[in-house]
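One structure is given below, encoded as structure tokens.
Note on naming: letters A, B, ... go to the chains in the order of the sequence lines (proteins, then strands), and numbering restarts at 1 for each one. Because the structure is a prediction, the values reported are computed rather than measured.
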Amino acid sequence: MPVESVVSAYLTGDSTITLLSRDSGGRRVVRQVPAEWVAYFKSSDLDEKITRDLRTSVYVRSLRVEGDWTRVGFVNRIARDDFCSDRRSFVSQLGIATYEADVSPIVRYMVDTNAPIAKPRRVYLDIETDSSRTFVQSKNGEARILSWVLVDEDERVQIGVLSEDTDRDEKRLLDLLWHALRPYDQIVAWNGDNFDFPVIFARSEQRGCEVNANDWLWLDFMVLFERMNKNASESGDEKTSMKLQDIGQAIVGEGKEPTPPEVIERFGDKPMGALTRPLWEAGGKWRDMLVRYMLQDGDLLRRIEKETGYIALLGTLCEVCHIFPNTRGINPTHQMDGFMLRLGLERNYHFATKQYRDIGEQYKGAIVVPIKAHGIERNVHVCDFSSFYPSVILTWNMSPETKVYVPPGQPRPNNVCLSPLTKVHFRTDVQGILPIAVSEFLRLRKYWSDLKAALPPGTDESQDANRKSTAFKVIANSFYGVLGTPYSRFFDPAIAESVTQCPVWMLVATIEEAEKRGWTCLAGDTDSAFIKGCSQEEFGAFVDWCNSVLYPRMLLEVGCKENKIKLAYEKAFDRLIYVTKKRYCGSWLHYKGTVATKDSKPEIKGMEYKRGDASALGRKLQAQVIDLLCGGLKLNGTTEVPTDQLVYFHDALLTAKKHVLDDPLTLDEIRISKSLSKPLREYVTRIKKDGMKGADLAHVGVAKILEGRGAEVSEGTRIEYIVVDGSCSPQKVIPAEDYTGGEVDRFYVWETHVYPPTQRLLEAAFPDEDWKGWLKVRPAKPRAVRQSKKRAQLPQSTALPEDHA
DNA sequence: AGCTCTGGCGACAGTA
DNA sequence: TACTGTCGCCAG
């Protein structure tokens, strides 16, 4: 009998799993199965007496032998913990190791039955609450829900609006929502985990709605978007805000709708979201405008998904990993857990019980080669190792159960290989479970991308195949990280360090070989080397030689039996300017053999242009100079510095400087946006030597002000601010929302956020020119000693723009 | 409650 | 002024 696909599952009490699925007519089917609190043991670890004791214990529901393993099902969580988890537990006193004794019955069920994860019926949700309450009050369920909107994939729209300001009517509104949700399985909202979902739960409980939220999968689209979009965006412009309207604007070109003039006239100049209460109260056309606003947000979610396909990709990832596509399914550890537990079961392998441990020492990571690039470099060839970390895991057969100890000084056995920099040894005669997993990822990725190539483009089948291919790429790339986190079941710092250090060993050897040929390595990072001094043909031949001679020789020396390492000639730069490690820009000669054209955009890495915490003016000036350096500049010889053309740069600097110092500056141009990486309370205020409290970081101080105003301030919140006086320490800052147009320290803006990023770039490109002269714009401080006491205590008057103008 | 990693740059506050 | 430690964000 085929196992039905599962939409969602949750524990009902300690001993029952409720499984949700849908029949062919789309009706919900609820089924209950016993929850199994399972622990595995190695049968060889159990003697007859222990087995008998387990079998007859009232705490044990089932016991069976599966291959080399004994699978014991306990009656509930406490029974399993008492037997297995605690340090003083029954089995730990006997010194018996347990396996997977932490796995939840839900995961156990999904892994054991191999039940397919259903494709959930998705709906996008947006709610509005009473704007007379603060965000925090709303979030805590202290504000009435005024309205909700649902939009589904077929653009079917449902709306609920409060009729009267009573608990009774709010209950009607909520019951209506829960009823409207019944055809759907997955509920998607922007920032849902932090707002919409808890608000709905809290208000429904207050109103006495009889509903079980576990019947749905709750997905926070913002969390998913943040993770998936990290490497996708080109400039920093898209990274300054995670507000739905801003993301909508960046992704689908719509979202930032100004408040209609008639609304401003009647209710004041605020965003629509801050006017929900007055609009609702005014009724009639005003209430309709509120609904339209809400509708637009709901539909924005659908359109962002249509454009990005991120939720669909998550669905594929979760399907492959036997987990449910809710917010939790976004976590790589969770994904890997599901995938690996199933793989282990199929391969007769079980993983050690997950330990809760203290965060240990950091281990060594990748190598970043010191920069030798100087000025504008021409004709730079770049090679890189394809999927370096996965191929290293395969080549060294790195896995917890293949790891063996070989005492120092003792000869390496034949069936063992050595990670040369970490001195960790691995057996090579039996493939480890981690390499099995990695080869599965790579095999399945290839399978789906081949299938995608064979299918007609644009079809659903082709898109699905493409997503599966991407999903396996994502999993393969996150695998190493999961080895390195103490929160993961697969945490093994010795293996993780070997995964990073074998590449160090190979990259260093590659660079040495290139330099032996008289070439220069200008830069290199983790898996890449930037080489100058050779022709394309020579470099291509070098890459081939590395693959066919150098690496086989090196790997033979350390005993690897299989060579999955592959170096590729990725691209060449026509021009390349390195500012520092991890910060460079350049224009391509070719990419994987395809010759670049005049329209090819420059490649930009790490520079302020790419950063969401730089000021927009700083990004803009840097972008202009990058365009000049990588394209606009006419270079005659390969090394000649075109001093006659420096005038272009000086023009750009002059214009930018005049603008910063003299023109009105908009908020968008000068705002700084940084996120809180932890809850506000966890930022410790340092105590200074004199016993006084140290200053908060700028964005932390502003966050505290905003919190006082009732705004949402939590981990991950982006805080926007303006520096009004950067000449003192600590500097003075205000929330961006307080900016009215004048109160900004222009000198600081130029001297810190606009010019220096470009100055560093120009100094890198033209190291013989002097670029310092453009920096200082702040008039000299008046000598405080010559001032009267009163005058000296006034704020730095020169910092105010009026004085300059 | 649950959490992919390390290397590296630059802004900043504070100290000697 | 030079230096240290913290923080946020990016490269890979």
Side-chain angles (χ1 to χ4, degrees), chain A residues 193 223 226-227 230-231 233 236 239-240 327-337 354 356 359 361-371 384-385 387-389 474-493 495-497 499-501 503-504 507 523-528 579-584 603-615 618 672-678 682-690 692-701 715-716 718-719 723 726 728-731 733 748 751-753 756-757 759-760:
Chain A
D193 282 5
V223 175
E226 279 180 309
R227 183 140 317 175
K230 217 166 204 172
N231 307 318
S233 49
K239 298 177 191 160
T240 55
T327 306
R328 224 189 135 207
I330 298 169
N331 299 329
T333 48
H334 190 56
Q335 293 167 357
M336 203 59 72
D337 225 35
K354 188 164 163 178
Y356 288 88
I359 295 154
E361 290 275 288
Q362 269 205 331
Y363 58 87
K364 280 190 195 149
I367 181 176
V368 186
V369 181
I371 307 302
D384 70 349
F385 292 91
S387 303
F388 210 178
Y389 287 0
V474 170
I475 297 179
N477 287 341
S478 62
F479 196 66
Y480 147 70
V482 175
L483 293 179
T485 173
Y487 304 111
S488 147
R489 176 184 311 284
F490 314 105
F491 176 59
D492 190 323
I495 297 180
E497 190 167 83
V499 173
T500 64
Q501 296 308 293
V504 171
L507 184 64
D525 189 345
T526 310
D527 61 356
S528 68
V579 182
T580 62
K581 285 176 175 179
K582 295 185 186 283
R583 290 171 180 233
Y584 62 90
E603 178 172 325
I604 304 168
K605 297 289 183 185
M607 299 206 284
E608 285 74 5
Y609 171 77
K610 297 267 287 185
R611 295 178 64 99
D613 62 346
S615 87
I672 299 297
S673 160
K674 283 190 165 84
S675 48
L676 296 172
S677 62
K678 53 189 175 187
E682 287 179 22
Y683 288 90
V684 283
T685 8
R686 278 211 314 195
I687 303 299
K688 291 193 290 179
K689 281 274 180 178
D690 61 7
M692 302 289 282
K693 275 192 192 167
D696 281 324
L697 290 163
H699 72 300
V700 174
E715 192 174 343
R718 286 202 85 97
I719 306 297
V723 177
C728 53
S729 179
Q731 55 188 205
V733 296
Y748 165 84
E751 289 181 358
T752 308
H753 286 151
Q759 181 188 3
R760 290 188 286 268

Sugar-phosphate only, base, or nothing, as touched by Lys582(A) at under 4.0 Å among non-hydrogen atoms: base

Using a cut-off of strictly less than 4.0 Å, decide whether Asn331(A) has a side-chain nitrogen or oxygen near OP1 or OP2 of dG2(B). no

Heavy atoms only, 4.0 Å cut-off, all strands: where does Thr580(A) land among base, sugar-phosphate and nothing? sugar-phosphate

How many Å lie between NZ on Lys693(A) and C1' on dA13(B), as a whole number? 16 Å

Is it true that a side-chain atom of Asn331(A) and a backbone atom of Thr333(A) form a donor plus acceptor pair closer than 3.5 Å? no

Counting just side-chain N and O atoms, does Arg760(A) come under 4.0 Å of either OP1 or OP2 of dA11(B)? yes

Measure from CD1 on Ile495(A) to C1' on dC5(B) and round the result to the nearest Å. 15 Å

So do Lys605(A) and Glu603(A) actually touch side chain to side chain, heavy atoms under 4.5 Å? yes

Heavy atoms under 4.0 Å, any strand shown: does Tyr584(A) hit a base, just sugar-phosphate, or nothing? sugar-phosphate

Between dG10(B), dG2(B), dG7(B), which one does the side chain of Arg328(A) approach most closely? dG2(B)

Between P of dC9(B) and NZ of Lys610(A), the distance in whole Å: 18 Å

Could you walk me through whether Lys581(A) and Asp525(A) satisfy the salt bridge (Lys or Arg N to Asp or Glu O under 4.0 Å) test, starting with their C-alpha distance in whole Å, then the side-chain angles of each, then the deciding distance to 0.1 Å, before giving a yes or no? CA-CA 8 Å; Lys581(A) 285 176 175 179; Asp525(A) 189 345; over 6 Å; no

Rounded distance in Å - CD (Gln501(A)) to P (dG7(B)): 8 Å

For Gly481(A), which contact category applies under a 4.0 Å heavy-atom criterion: base, sugar-phosphate, or nothing? base

Does a side-chain N or O of Arg611(A) approach OP1 or OP2 of dA11(B) to a distance below 4.0 Å, or not? no

Does the side chain of Lys230(A) get closer than 4.0 angstrom to OP1 or OP2 of dC9(C) through an N or O atom? no

Using a cut-off of less than 4.0 Å, is there contact between a side-chain N or O of Gln731(A) and OP1 or OP2 of dC12(B)? yes

I need the single residue from Thr485(A), Val482(A), Ile495(A) that forms a side-chain contact (heavy atoms from CB on, under 4.5 Å) with Phe490(A). Which is it? Val482(A)

Do the side chains of Tyr389(A) and Asp527(A) get nearer than 4.5 Å, heavy atoms only? no

Counting just side-chain N and O atoms, does Thr333(A) come under 4.0 Å of either OP1 or OP2 of dC3(B)? yes

Any idea which of dG12(C), dT4(B), dC9(C) is nearest the Pro332(A) side chain? dT4(B)

Is Lys689(A) near enough to dA16(B) that one of its side-chain N or O atoms lies under 4.0 angstrom from OP1 or OP2? yes

Under 4.0 angstrom between Lys605(A) side-chain N/O and dA11(C) OP1 or OP2: no

Would you indicate, yes or no, if dG8(C) has its OP1 or OP2 atom less than 4.0 angstrom from a side-chain nitrogen or oxygen of His699(A)? yes

Need one value for Arg718(A): base, sugar-phosphate or nothing, where a base atom within 4.0 Å counts as base even if backbone is also close, heavy atoms only. sugar-phosphate

When you check the phosphate oxygens OP1 and OP2 of dA11(C), does a side-chain N or O of Thr526(A) lie under 4.0 Å from one of them? no

Applying a 4.0 Å non-hydrogen cut-off, can you work out what Ser488(A) is touching in the nucleic acid: base, sugar-phosphate, or nothing? nothing

Checking all strands, does Tyr683(A) fall into the base, sugar-phosphate, or nothing category for heavy-atom contacts under 4.0 angstrom? sugar-phosphate

Distance, nearest 0.5 Å, that separates CZ of Arg583(A) from CE of Met607(A): 9.0 Å

Can you tell me if the side-chain N/O atoms of Tyr363(A) get under 4.0 Å from OP1 or OP2 in dG7(B)? no

With a 4.0 Å cut-off on heavy atoms, is Thr752(A) in touch with a base, just the backbone sugar-phosphate, or nothing at all? sugar-phosphate

Can you confirm whether Ser528(A) sits close enough to Phe388(A) that some side-chain heavy atom of one is under 4.5 Å from a side-chain heavy atom of the other? no

Take the protein atom CD of Glu608(A) and the nucleotide atom C1' of dG8(B), then report the distance between them rounded to whole Å. 13 Å

Round to a whole Å and report the spacing from CZ of Phe491(A) to C1' of dC5(B). 11 Å

In whole angstroms, how far is the C1' atom of dA1(B) from the OH atom of Tyr487(A)? 11 Å

Nearest-angstrom distance from the residue atom CD1 of Ile371(A) to P of dA11(C): 14 Å

Does Lys678(A) have a side-chain nitrogen or oxygen under 4.0 Å from the phosphate oxygens OP1 or OP2 of dC7(C)? yes

Walking DNA chain B from its 5' end, the first of Tyr748(A) and Thr485(A) to be reached, judged by nearest nucleotide, is Thr485(A)

Once you apply a heavy-atom cut-off of 4.0 Å, does Gly612(A) come out as touching a base, just sugar-phosphate, or nothing? sugar-phosphate

Taking the nucleotide of DNA chain B with the closest heavy atom to each, which residue, Ser478(A) or Val369(A), is nearer the 5' end? Ser478(A)

Could you walk me through whether Lys610(A) and Lys239(A) pass side chain to side chain contact (heavy atoms under 4.5 Å, CB included), step by step? CA-CA 9 Å; Lys610(A) 297 267 287 185; Lys239(A) 298 177 191 160; 4.2 Å; yes

Under 4.0 Å, counting only non-hydrogen atoms across every strand here, what does Ala695(A) touch: a base, just sugar-phosphate, or nothing? sugar-phosphate

Strictly below 4.0 Å: does Ser729(A) bring a side-chain N or O up to OP1 or OP2 of dA13(B)? yes

